[in-house]
Amino acid sequence: MNIKILTMFILAVAPIFVIAQSPRKKPNIVYIMSDDHGYQAVSAYGYGLNHTPHIDRLADEGALFTRATVTNSLCAPSRAVLLTGKHSYINGKIDNEATFNWNQDNFAKILKKNGYQTALIGKIHMDGLPQGFDYSAVLIDQGEYYNPNFIVNGKKQQITGYVTDLTTDMTLDWIAKRDTAKPFCVLYHQKAPHREWLPALRHIQEYTSRTYKEPATLFDNYEGRGTAAKTAEMNILKHMNWAGDNKIPPAMMDELGISEYLSWDKAAFNNNLGRMTPDERAKWDAVYNPIMAEFRTNYRQMSDSSLMRWRYQRYMQDYLGTVAAVDDGVGRLLDFLKENGLDENTIVVYTSDQGFYLGEHGWYDKRFMYEESLRTPLIIRYPAEIKAGQSSDALVQNLDFAPTLLDYAGVQAPDDMQGESFRGLLNGNTESWRDVIYYTYYEYPSIHTVKRHYGIRTQQYKLIHFYYDVDEWELYDLEKDPQELNNVYDHPDYVQIRQRMHQKLEETRLKYKDSTTNDKQFLPVSKP
Ligand code: SGN
Ligand code: CA
């Protein structure tokens, strides 16, 4: 065939190829993010604490990341990173107090410009009308479990029901009523299992009847680590609230004369349970009153360790009870997608705004760059492209969500987004993925008193610098010491690793444009 004939042939068949290869329909996106859901409480991660059949179904049918992390283990900062694809010190939302500037670009705005319908439903924990969404129904600040207030497209209204179920109802309702001519992206953000852990009535009997396995470090004494671990106020025995968290009625607290009991603790109990209708409250009391009566009988004979054990069980009963409704919601969503022929072409992400301590190191809460709070569950299902049943230990971060979702939507991510699309990873292209992640934490002095720090984590090591009112470095060998009990920063065997990690830290800070040291940035007005 000569060139002329070949050219004519190509021109003749080209349109056929264009038709045959016409781009796949743009995927829909359902991004599910719960609040404070530690990976230890997703049964697909294999910790044996609870059973989350529907989230597990996502993992069976999609890909599960075992080392997904956040860049700043706190609620609102994590949400700002999700939206912007930029580290906290760039997007400005460094802690829960800082103002988030909604005028900056975010991935929902970009999707909207590219023909998507967008919605944000549930917790966002940031003031101001959310930008980038055709529809928003968000909780105010932390939100409430029972009969919560929502701000629907800027207008406040109280809605009757249980927050987790309502958030699911609103999400399914919005999807059902969407314009079917366009692809959609919905951020479906559960408040649960955030403190103060009030499960749905249908779960309280079951979850308060179980006994949960204790973590190996429940009685950690913080030896082997620096000042920060020793001074944090998130120990289940010493710092957890008695009434608000453990649900011991204030009158009983007064009667028992428990001195660590605080007025805001009492207010939390009354405010949270006070939102229930009389009928809801009666059902709640029928389950909780006998537990509390038993506690009243035993309290004075309880040693510190038995009290710690009791408080841990109480914590898990309520925390895991709230997870159950989150899992129910995932089940309803998956069924809904299937029934409506949307399951093949919809990307479903399940994650949390950060990890959480479920008694490890004796703690609840998060904030630290230690594993349980640095890591977050991450599962993604998209049958049209992602092979089912995959597991990846790649160092992906919440920084990567915006560029990844834009990539799947066929939209170019702006150059100033700092995350990277992990779409290729899920198609087997693992060679070029990052070997180090960067972390920053600023909310100090503040509740739980976790000191300011920043650091890096590679597959094997972690280097952390605590600063502001201390100047302490910690280095962990995650292979030899997965529970991070021994800081080896000054250990002679780790001199070279320490040097390499310092060098990597400098390179990483440069890469992520954090070269003006954190130590001098974002300081509170007055020092403690
Ligand atoms: C509240 C909680 C804290 C929690 C912060 C931040 N106390 O203040 O325990 O660390 O939120 O959580 S509570 O008794 O009021 O629940 S975050 O997930 O929003 O960052
Ligand atoms: Ca959170």
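Computed from a predicted structure; not experimentally measured. As the structure lists them, so they are numbered: ligands from 1, and atoms in each ligand from 1.
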**Message:** Are there over 12 heavy-atom neighbours, none belonging to Glu206, within less than 6.0 Å of that residue's CD?
**Reply:** yes
**Asked** Trp264 heavy atoms, cut-off 4.0 Å: which ligand 1 atoms fall inside?
**Response** 14 (O)
**Item:** Proximal ligand 1 atoms for Asp35, defined as those under 4.0 Å from one of its heavy atoms
**Value:** 18 (O)
**Message:** Suppose we measure from atom 3 (C) of ligand 1 to each protein heavy atom; which comes out shortest, and what is that distance?
**Reply:** His448 NE2, 3.4 Å
**Message:** Using only atom types and a distance under 3.5 Å, with no angle test, would you say the side chain of Asn106 pairs donor to acceptor with the backbone of Gln131?
**Reply:** yes
**Arg314 charged N/C atom sitting above Trp242 aromatic ring, 6.0 Å / 45°** = no
**Asked** Within the side chain of Lys247, is there an N or O that forms a donor-acceptor pair under 3.5 Å with the backbone of Leu198?
**Response** no
**Message:** Could you check whether Asp318 and Tyr288, counting side-chain N and O atoms only, form a donor-acceptor pair closer than 3.5 Å?
**Reply:** yes
**Item:** Cation-pi check, Arg509 onto Tyr454 ring (under 6.0 Å, within 45° of axis)
**Value:** yes
**Complete:** The atoms of ligand 1 lying under 4.0 Å from a heavy atom of Lys366, numbered in the order shown, are 4 (C), 6 (C), 10 (O), 12 (O), 17 (S), 18 (O), 20 (O)
**Item:** Protein contact to atom 8 (O) of ligand 1 [nearest heavy atom, distance to 0.1 Å]
**Value:** Ile447 CD1, 3.9 Å
**Request:** State the atoms of ligand 1, each with its element, that fall below the 4.0 Å cut-off from a heavy-atom position in Asn96.
**Result:** 6 (C), 17 (S), 19 (O), 20 (O)
**Message:** Measuring only between side-chain heavy atoms, which start at C-beta, is Asp365 closer than 4.5 Å to His239?
**Reply:** no
**Contacting atoms of ligand 1, where contact means under 4.0 angstrom from a heavy atom of His125** = 19 (O)
**Prompt:** So which heavy atom in the protein is nearest atom 15 (O) of ligand 1, and how far is it from that ligand atom?
**Reply:** Glu196 OE2, 4.1 Å
**Prompt:** Which is closest to atom 19 (O) of ligand 1 by heavy-atom distance: Arg79, Gln142, Met234?
**Reply:** Gln142
**Prompt:** With ring centroids as reference points, do Tyr319 and Tyr364 lie under 6.0 angstrom apart?
**Reply:** no
**Request:** For the Ca ion (ligand 2), count the protein N, O or S atoms found under 3.0 Å away.
**Result:** 5
**Item:** Polar side chain donor-acceptor pair, Tyr188 to Thr168, under 3.5 angstrom
**Value:** yes
**Request:** List the steps and the verdict of ring-ring contact (aromatic ring centres under 6.0 Å, His included) for His37 and Tyr350.
**Result:** CA-CA 10 Å; His37 191 177; Tyr350 186 84; 5.8 Å; yes
**Request:** Pull out every atom of ligand 1 sitting under 4.0 Å from any heavy atom of Gln354, numbered as shown with elements.
**Result:** 18 (O)
**Item:** For atom 7 (N) of ligand 1, the protein heavy atom that lies nearest, with its residue and separation
**Value:** Arg195 NH1, 3.2 Å
**Asked** Closest non-hydrogen protein atom to atom 17 (S) of ligand 1, residue and atom name please, with distance?
**Response** Cys75 CB, 3.1 Å
**Prompt:** Have Asp220 and Gln483 got a donor and an acceptor in their side chains that come within less than 3.5 Å?
**Reply:** no
**Message:** Looking at Tyr207, I'd like to know if the NZ or CZ of Arg210 sits under 6.0 Å from its six-membered ring centre while staying within 45 degrees of the ring's axis.
**Reply:** yes
**Sub-4.0 Å heavy-atom contact, Arg367 with ligand 1** = yes
**Request:** Write out the residue and atom name of the closest protein heavy atom to atom 4 (C) of ligand 1, then the distance separating them to 0.1 Å.
**Result:** Asp365 OD1, 3.5 Å
**Item:** Contact atoms of ligand 1, heavy-atom distance to Lys123 under 4.0 Å
**Value:** 19 (O)
**Any donor-acceptor N/O pair, His448 side chain to Glu233 backbone, under 3.5 Å** = yes
